[in-house]
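Working notes for the structure below.
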Amino acid sequence: MAYDADVIVIGAGLAGLVATAELVDAGRKVVLLDQEPEQSIGGQAHWSFGGLFFVDSPEQRRMRIKDSHALALQDWLGTAGFDREEDRWPRKWAEAYVDFAAGEKRAWLHRQGVRFFPVVGWAERGGYDANGHGNSVPRFHITWGTGPGLVAPFERRVREGVARGLVQLRFRHRVTGLGSSAGSLDTVTGEILEPSDAERGAASSREVTGAFELKAQAVIVTSGGIGGNHDLVRAQWPKRLGTPPRKMLSGVPAHVDGLMLGIAERAGASHINRDRMWHYTEGIENWNPIWAKHGIRILPGPSSIWLDARGRRLPVPLFPGFDTLGTLEHIMRTGHDHTWFVLDRKIIGKEFALSGSEQNPDLTGKSVRDVFVRARADVPAPVKAFMDKGVDFVVEKDLGALVRGMNELTGDELIDEAELRRQITARDREVANPFTKDLQVTAIRGARKYLGDKLIRTAAPHRLLDPKAGPLIAVRLGILTRKSLGGLETDLSSRVLDGSGNPLPGLYAAGEAAGFGGGGVHGYRSLEGTFLGGCLFSGRAAGRAAAGAVS
């Protein structure tokens, strides 16, 4: 049989680029397919903050963070909560990934020129017991260059493969079917879409101009998840997270639609844990959107007061940055889709960061000068732009005006000024003493014992109603779709399994399409910094395994 390539890779995001780069290193011929135009190469990873999960890294040790493999595995398993029969492979992937994060991951990236911001972030802090959800220590390492800086070495390796005649890049190729012959999945069929000059992330034409059929000894699916398909998100929404939101923002472009997962299922693949998903609760509408319903996530420090739609503080330990899905579950049982941060200029200037490469031009552009300018700024420029232009921000000098603005923004008189004043005044009284029963104040003081938080992420405790810290700010927060935590079930070689647990000959999967490994390496919840890392790890595994399997 004549093959068009040794391996076909479906999806030119990070996992697909990594898999293709590994195949090139092994001298294999690859056809890399993607339905989007070439300017969207790198997929969602391009838009990311570039956060990566490392264990006992040089950056951690310089910040006096004591981490270990045992502590990281304890945190991962306590967060994942594996409790299903189909969690057999996801748990094996979790154990292997922690080994990778504590072992060769950083050195492997460093050899390719990837570098990291020296201050380690502390995401998903948990707030439960030692065996519960959350990172016991800071582990969120920001790539110098953010998402584009992480994509770059793998895109370079792939383009070197093109120059060597090993890789064919075929954009605007939308896969619609997978087929088998001689007992192995070796055929990919689909539609050719008309050329598009749409900018990265923007909607591209779906006009069909032709069809294609390609054959290879192996196929790797790296097509991503479902975050841009709100209907599918709602259809798979788990009861444990309450009622699906009526309104959602999109953290990913609309072409992240999950359709390839259904195509793989029809070819016999096992799709597991589809009810496990990861959405953010701190979403704001992008004042300068690139795709439809484009939302940006606030990466908050711990000091903002978090209120539900009626102005009630969220329960312990649902503080900013502590438990994403615990907060989501609580919100969706309130009967409203939105919540509020209430804070002041002192807090927003130090504690607000915005997720995404385009919202962090200093880090993305690798400008040390601009990083220092940002650190000295009263309010960082990207955040100030949202304060000035974003529809979700209310800025006022006094609490009465703030409450009126909040109610005007939603069109409902849900926030009572007297009650909100009572809650903030009570909190302010607690700040006046070194002792407190307010666990959020305790958490703020605990955060500032970590040098990284004290320097750039956590404001000194102070009274919110102190005019010197003003003006007051309220931010309306929406639900922002982001990641699928389930996916195609794979073994540790990234081979896709069928419903009986047997490998489907010739089919591999990696990245979000595979639940970042095994069909759900994160279990129910993530420790953050592990989505890009999951693409790296599973893409590498898929590329190496497929390279070894083809002749």
Side-chain angles (χ1 to χ4, degrees), residues 48-83 87-110 114 116-143 150 276 278 299 317 321-326 443 446-447 449-453 457 483 485 492 514-541:
S48 75
F49 199 26
L52 290 173
F53 175 98
F54 293 118
V55 179
D56 193 26
S57 69
E59 289 79 16
Q60 285 176 301
R61 292 194 292 272
R62 281 194 291 269
M63 298 299 296
R64 299 180 182 177
I65 300 165
K66 295 181 180 180
D67 200 5
S68 69
H69 178 280
L71 184 60
L73 185 60
Q74 171 184 297
D75 288 349
W76 193 293
L77 297 180
T79 294
F82 296 125
D83 61 359
D87 283 333
R88 175 191 172 209
W89 285 111
R91 183 176 180 126
K92 288 180 179 293
W93 272 90
E95 292 168 349
Y97 183 73
V98 173
D99 290 346
F100 180 57
E104 64 175 312
K105 177 182 175 184
R106 186 184 180 281
W108 176 64
L109 291 170
H110 199 272
V114 181
F116 306 100
F117 190 63
V119 179
V120 183
W122 196 353
E124 287 297 300
R125 305 182 189 214
Y128 305 94
D129 65 27
N131 287 309
H133 167 65
N135 284 295
S136 298
V137 297
R139 296 192 177 104
F140 191 83
H141 297 66
I142 300 169
T143 302
L150 188 60
R276 292 177 180 171
W278 187 261
L299 299 172
F322 277 65
D323 181 359
T324 295
L325 290 196
K449 291 182 180 179
Y450 166 49
L451 181 60
D453 274 351
R457 289 295 286 151
K483 298 297 181 185
L485 297 188
L492 287 177
F516 303 96
V521 67
H522 297 96
Y524 288 95
R525 292 191 283 194
S526 165
L527 287 173
E528 288 283 31
T530 55
F531 299 131
L532 293 173
C535 290
L536 295 171
F537 188 49
S538 62
R540 191 178 82 151

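Quick note: residue numbers are just sequence positions, from 1.
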Can you check side chain to side chain contact (heavy atoms under 4.5 Å, CB included) on Phe116 and Ile142, steps first, answer last? CA-CA 6 Å; Phe116 306 100; Ile142 300 169; over 6 Å; no
List the steps and the verdict of side chain to side chain contact (heavy atoms under 4.5 Å, CB included) for Lys66 and Leu71. CA-CA 9 Å; Lys66 295 181 180 180; Leu71 184 60; over 6 Å; no
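Here the shortest heavy-atom pairing between Gly51 and Phe140 reads CA-CZ, 3.4 Å. Closest of all the heavy-atom pairs between Gly126 and Pro317 is O-CG, 3.7 Å. Val55 approaches Gln60 most closely through the heavy-atom pair C-OE1, 3.3 Å. Nearest heavy-atom pair, Gly523 versus Leu485, reported as atom, atom and distance to 0.1 Å: O-CD1, 3.8 Å. Listed here is the closest heavy atom pair of Phe54 and Asp67: O-OD2, 4.0 Å. Summarising the geometry of Ile65 relative to Pro138, their closest heavy-atom pair is CD1-CB, 3.7 Å, with the distance given to 0.1 Å.
Arg61 meets the salt bridge (Lys or Arg N to Asp or Glu O under 4.0 Å) test with Asp56; sequence neighbours excluded. Every residue meeting the salt bridge (Lys or Arg N to Asp or Glu O under 4.0 Å) condition with Glu528, not counting sequence neighbours, appears here in chain and number order: Arg297. With sequence neighbours left out, the salt bridge (Lys or Arg N to Asp or Glu O under 4.0 Å) criterion links Asp83 to Arg276. Residues forming a side-chain hydrogen bond (donor to acceptor under 3.5 Å, both in side chains) with Gln74 (at least two apart in sequence, or on another chain): none. The side-chain hydrogen bond (donor to acceptor under 3.5 Å, both in side chains) search around Asp323 returns Tyr128, Arg525, not counting sequence neighbours. Under the rule for a side-chain contact (heavy atoms from CB on, under 4.5 Å), the partners of Arg62 that lie at least two apart in sequence or sit in another chain are Pro58, Glu59. In this view, Ser526 and Thr530 satisfy the side-chain hydrogen bond (donor to acceptor under 3.5 Å, both in side chains) rule, not counting sequence neighbours. For Phe49, there are no ring-ring contact (aromatic ring centres under 6.0 Å, His included) partners two or more places apart in sequence or in a different chain. Applying the side-chain contact (heavy atoms from CB on, under 4.5 Å) rule to His69 yields the partners Leu73, Val98, Asp99, Ala102; only residues at least two apart in sequence or on another chain are considered. In this structure, Tyr524 has no ring-ring contact (aromatic ring centres under 6.0 Å, His included) partners at least two apart in sequence or on a different chain. When the ring-ring contact (aromatic ring centres under 6.0 Å, His included) test is applied to Phe322, the partners found at least two apart in sequence or on another chain are Phe319. Partners of Trp76 by ring-ring contact (aromatic ring centres under 6.0 Å, His included), not counting sequence neighbours, listed by chain and number: Phe53, Tyr97, His522.
Between Trp122 and Val137, every side-chain heavy-atom pair lies at or beyond the 4.5 Å cut-off. For the pair Leu52 and Arg106, the minimum side-chain heavy-atom distance is 4.5 Å or more. With a 4.5 Å cut-off on side-chain heavy atoms, Arg139 and Asp75 count as touching.
The main-chain N or O of Leu527 is found under 3.5 Å from a side-chain atom of Asn135 such that the two form a donor-acceptor pair. No donor-acceptor distance shorter than 3.5 angstrom exists from the side chain of Trp108 to the backbone of Gly103, with no hydrogens or angles considered.
One finds the CH2 atom of Trp93 at 6.0 Å from the CG atom of Leu492 (value rounded to the nearest 0.5 Å). Distance CZ/Arg540 to CD/Glu104: 4.0 Å, rounded to 0.5 Å. The CG atom of Leu109 sits 10.5 Å away from atom CG of Leu532, with the distance rounded to the nearest 0.5 Å. The distance from the OG atom of Ser57 to the NE2 atom of His110 is 11.5 Å, given to the nearest 0.5 Å.
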